[in-house]
Amino acid sequence: MTFFKKLKGMDRNVWIRVIGETITSSAMMMLMPFFALYLEGKVDSMLKVGFIMSISPIASLFGSMAGGRLADLYGRKRMMVFSTFGTSLILVSFALVESYTSFLILSILLGISNSFFSPAASAMVADVTEPEKRTEAYGLLRVGSNVGTVIGPLLGSSVVYFSKDSLFFIAATALGLYSIAQLILLKETLPAEKKSVKENQDKTTIPFKKVLNIISSDKLLLFYVATGVIISMGFSQIEGMLPLYFKQSFKPHFGEWNPFPFLMSLNGLLVVLFQFPISSYLSNRSIGKTMFYGTILFGLGILSIGFAPPLFLFVGLGKLMILFLLAIIFIYYTFGEMVMSPVQMTFVANIAPEELRATYMAVGSMKYTIGGFLGPLLGGYLFDLKLGIWLFIILGTGVVISGVMYRSLDEKVAIRDNQQGIAQ
């Protein structure tokens, strides 16, 4: 009963985002597992494919700070609507161009457009959710997103054989409709709007230089970003280069059929079934220890994914046994992801000053942009050398090391809180 009370108690804006995440994630996950395969047929080098995929996160690195600051000044809703509508137009353009240069330009624009959404959307959830309930709220959003992860790859694997271009049009349509729904249904949650005019003016006139000084002096935030880059590289390659790794490794066994969409659907189904209960259980637990355990399990999953194809083929396993064991690996990889991901967002929301919440979210998201840039470059380089397995060995080992470093996070938070208490 408590479970359903918690769901019912979520703010309306959170539910609008959950529904929107479900629809748009379904559309995007039709596209993303096949994006590298689509580009492979358009350009003449896997390194170029990696560069196209990596330039978007770099572009978002420059846009995220501006997007976060604008969301703190002018509102979350405006930035979210602008981002989703802009991304919709860019996806349509991807289906209409052919040249390497055009793909690069669109990838840059896609990164800038996307960078305006996440800080504003994450801050909106924090605005309407009490600190002790934020892990549950972010977990619920991941449920919505992963309903799409279940549906999208299966639909995409069917549609892609008829028309690869149609994947872009479907995703663009979903995002366009979501932008209209946000415009009509979302309520603005910018905290400054709830305060007096004088307070509002004081908060919104913080010079940008001072904002940069505040962020650059926050060692806890910078520690979080630095340790998270390698984790983001792992995420980006599971969704980016893994389909190609499976294609190269298992083609003699599976032919043109790729097990990746099936495994991603399993990943999404597990998140749909277990993410909210796990997030609810972890809501009052130590963030540092939670991130430690989740990241270690996540890293071991990446290592297992890398070693699985050559090991299974060496042993001479059959198709069904290979698929079964890959499913086992994806199960514990996914549980690591479910433990780790929501508390990461909660951590940034909790340490952020209220008037700079979206800005902090933007800085926190830099780990995704930096990792999303470095991951595809490393992947493209190693795949051109026929060394795909080393991509997952390097990233899996790095993720495990990052997880070990999270053991000290609770201590660092305690020191920070103590210093702030003395300063006050």
Side-chain angles (χ1 to χ4, degrees), residues 17 20-33 35-36 38-39 51-71 76-95 103-125 138 141-142 144-145 148-149 152 167-168 170-183 186 225 228-229 232-233 235-236 239-240 341 344-345 348 358-376:
R17 276 214 57 207
E21 289 283 340
T22 302
I23 296 172
T24 58
S25 176
S26 297
M28 290 301 292
M29 287 306 296
M30 286 183 64
L31 170 64
M32 293 314 297
F35 190 47
Y38 178 82
L39 292 174
F51 192 66
I52 292 170
M53 296 178 70
S54 66
I55 198 68
S56 182
I58 277 295
S60 69
L61 184 64
F62 292 98
S64 61
M65 274 294 293
R69 187 60 182 145
L70 289 171
R76 319 324 193 182
K77 179 177 176 178
R78 290 180 182 179
M79 295 303 104
M80 292 168 67
V81 172
F82 171 79
S83 174
T84 48
F85 185 71
T87 300
S88 175
L89 296 178
I90 293 166
L91 288 177
V92 170
S93 302
F94 264 106
F103 285 125
L104 280 180
I105 294 172
L106 288 176
S107 188
I108 291 170
L109 294 176
L110 185 65
I112 294 172
S113 179
N114 282 336
S115 69
F116 280 76
F117 183 85
S118 182
S122 298
M124 175 177 280
V125 174
Y138 289 124
L141 285 172
R142 293 200 75 244
S145 176
T149 306
L167 296 175
F168 291 96
I170 294 171
T173 300
L175 282 167
L177 292 174
Y178 186 34
S179 67
I180 296 171
Q182 288 177 123
L183 182 65
L186 280 180
V225 173
V229 167
S232 173
M233 291 176 69
F235 266 122
S236 68
E239 295 185 357
S341 294
Q344 289 182 319
M345 301 177 75
V348 179
T359 306
Y360 262 62
M361 289 293 186
V363 175
S365 70
M366 284 183 179
K367 69 189 184 75
Y368 295 110
T369 57
I370 297 172
F373 167 72
L374 296 176

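The figures here come from the full heavy-atom set of this structure, side chains too, leaving out hydrogens, waters and symmetry mates.
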Visitor: What's the spacing between F117 CZ and Q182 CD if we round to 0.5 Å?
Guide: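 Separation between the atoms: 5.0 Å.
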Visitor: Would a 4.5 Å heavy-atom cut-off, applied to side chains only, mark L70 and F116 as touching?
Guide: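 Yes, side chains in contact.
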Visitor: Could you give the distance from CG (L91) to CG (L110), rounded to the nearest 0.5 Å?
Guide: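 One finds 6.0 Å between CG of L91 and CG of L110.
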Visitor: Between S107 and I55, is there a donor-acceptor pair closer than 3.5 Å when you use the side chain of the first and the backbone of the second?
Guide: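 Checked: no pair found.
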Visitor: With a 4.5 Å limit on heavy-atom distance, are the side chains of Y178 and I23 in contact?
Guide: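 SC-SC contact between Y178 and I23 ruled out.
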Visitor: To the closest 0.5 Å, what do you measure between OG (S115) and CE (M366)?
Guide: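 One gets 9.5 Å once the value is rounded to the nearest 0.5 Å.
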Visitor: With rounding to the nearest 0.5 Å, note down the distance linking CG in L175 to CD1 in I90.
Guide: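 Taking CG in L175 and CD1 in I90, the distance rounds to 10.5 Å.
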Visitor: Could you tell me whether the side chain of L186 reaches within less than 4.5 Å of the side chain of R76, counting heavy atoms only?
Guide: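 R76 vs L186: side chains apart.
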Visitor: For the residue pair S236 and G375, what are the closest heavy atoms and their distance?
Guide: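 Closest approach of S236 to G375: OG-CA, 3.9 Å.
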Visitor: Applying ring-ring contact (aromatic ring centres under 6.0 Å, His included), name anything that partners F235, two or more places apart in sequence or on another chain.
Guide: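 F235 satisfies ring-ring contact (aromatic ring centres under 6.0 Å, His included) with F298 once adjacent residues are dropped.
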Visitor: Before you tell me yes or no, could you show the steps for M80 and R17 under side-chain contact (heavy atoms from CB on, under 4.5 Å), namely the whole-Å CA-CA distance, both residues' side-chain angles and the distance that decides it to 0.1 Å?
Guide: CA-CA 11 Å; M80 292 168 67; R17 276 214 57 207; 3.9 Å; yes
Visitor: Closer than 3.5 angstrom, by distance alone: can the side chain of K77 be matched with the main-chain N or O of L183 as a donor-acceptor pair?
Guide: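 Flag set: sc K77 to bb L183 pair under 3.5 Å.
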Visitor: Hey, does the side chain of S83 reach the backbone of M79 with a donor-acceptor pair shorter than 3.5 angstrom?
Guide: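 No, because the side chain of S83 does not come within donor-acceptor range (under 3.5 Å) of the backbone of M79.
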Visitor: Taking P119's backbone N and O only, do any of them form a donor-acceptor pair with S122's side chain (distance below 3.5 Å, no angle check)?
Guide: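 No; zero donor-acceptor contacts below 3.5 Å.
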Visitor: Using atom types as modelled and distance alone, determine if a side-chain donor or acceptor of S88 lies under 3.5 Å from a backbone N or O of T84.
Guide: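 No.
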Visitor: Please check if the side chain of S179 supplies one atom and the backbone of G176 the other of a donor-acceptor pair under 3.5 Å.
Guide: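 Yes; judged by distance alone, with no hydrogens or angles, the pair exists.
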Visitor: Using 30° and 60° as the class boundaries, would you call the ring planes of F94 and F168 parallel, tilted or perpendicular?
Guide: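 F94 vs F168 ring planes: parallel.
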Visitor: Do I112 and I108 pass the side-chain contact (heavy atoms from CB on, under 4.5 Å) test, and can you show the C-alpha distance, the side-chain angles, and the key distance before you say yes or no?
Guide: CA-CA 6 Å; I112 294 172; I108 291 170; 4.1 Å; yes
Visitor: For side-chain contact (heavy atoms from CB on, under 4.5 Å), just list the numbers for F103 and L39, CA-CA rounded to whole Å, side-chain angles, deciding distance to a tenth of an Å, and then say yes or no.
Guide: CA-CA 9 Å; F103 285 125; L39 292 174; 4.1 Å; yes
Visitor: Ignoring hydrogens and geometry beyond distance, is a side-chain donor-acceptor pair present between N114 and T87 at under 3.5 Å?
Guide: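 Looking only at side-chain atoms, T87 and N114 do form a donor-acceptor pair, the distance falling under 3.5 Å.
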Visitor: Say whether, by atom type as modelled, one donor and one acceptor occur between the side chain of Y138 and the main chain of Q344 under 3.5 angstrom.
Guide: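 No: the side chain of Y138 does not pair with the backbone of Q344.
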Visitor: When rounded to the nearest 0.5 angstrom, what distance separates CD1 in I170 from OG in S26?
Guide: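 The CD1 atom of I170 sits 11.5 Å away from the OG atom of S26.
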